[in-house]
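Worksheet for the structure shown next.
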Amino acid sequence: MKRMATNKPVNPPPSPVRVPDRDEGGSVVLERRTQQVKPPQMYQVLMLNDDYTPMEFVVVVIQEFFGKDLESATQIMLKIHLDGRGVCGVYSKDVAATKVDQVLEAAHKAGHPLKCISEPIEF
Ligand code: TYC
């Protein structure tokens, strides 16, 4: 991949740290820093309840776009139905945004008001 001269590398390798040593024989002791980069922020994709979208449609959408089997998809759908919202999956920012688009497009095409959002996970 080509980079502009002003771009920094995304994940620079950890730089070795010189540790002072008493060895006067010219040898150098190198130690790796433990962690210099943070893991990427992850996003959860949630579906919201409404009074009109059929339960069967929600179950199919969860299976199709979130790779769940029938039983897990049904449990997630029922949780959304009862609690108002529920997590369908956890992804990087771009993948989460794509999942939201796919769900909203499928719902729109089928004429259902199903809502789907993504939000950063808090620790
Ligand atoms: N509440 C809907 C119904 O009773 C079912 C439903 C579940 C709708 C989950 C949306 O995200 C949803 N038909």
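Counting convention: from 1, in listed order, for ligands and their atoms alike. Just so it is clear, the model here is predicted, and its values are computed rather than measured.
Judged purely by distance below 3.5 Å, without hydrogens or angles, the side chains of Asp50 and Thr53 pair a donor atom with an acceptor atom.
At a threshold of 4.5 Å between non-hydrogen side-chain atoms, the residues Cys116 and Leu48 do not count as touching.
Listed by chain and residue number, Phe57 satisfy the ring pair (Phe, Tyr, Trp, His ring centres under 6.0 Å) test with His112 (two or more places apart in sequence, or in another chain). Annotation: side-chain hydrogen bond (donor to acceptor under 3.5 Å, both in side chains) contacts of Gln44 (sequence neighbours excluded): Glu119. Take Asp51 and apply the salt bridge (charged side-chain N to carboxylate O under 4.0 Å, His left out) test, not counting sequence neighbours, and it matches no residue.
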Note every protein N or O atom lying under 3.5 Å from an N or O atom of ligand 1, pairing the names and giving the distance.
unit_1   : atom_1 : unit_2 : atom_2 : d
ligand 1 : 1 (N)  : Asn49  : OD1    : 2.7
ligand 1 : 1 (N)  : Asp50  : O      : 2.7
ligand 1 : 1 (N)  : His81  : ND1    : 2.9
ligand 1 : 4 (O)  : His81  : ND1    : 3.4
ligand 1 : 11 (O) : Leu48  : O      : 2.8
ligand 1 : 13 (N) : Thr53  : O      : 2.9

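The distance from atom NZ of Lys68 to atom CD of Gln63, rounded to the nearest 0.5 Å, is 11.5 Å.
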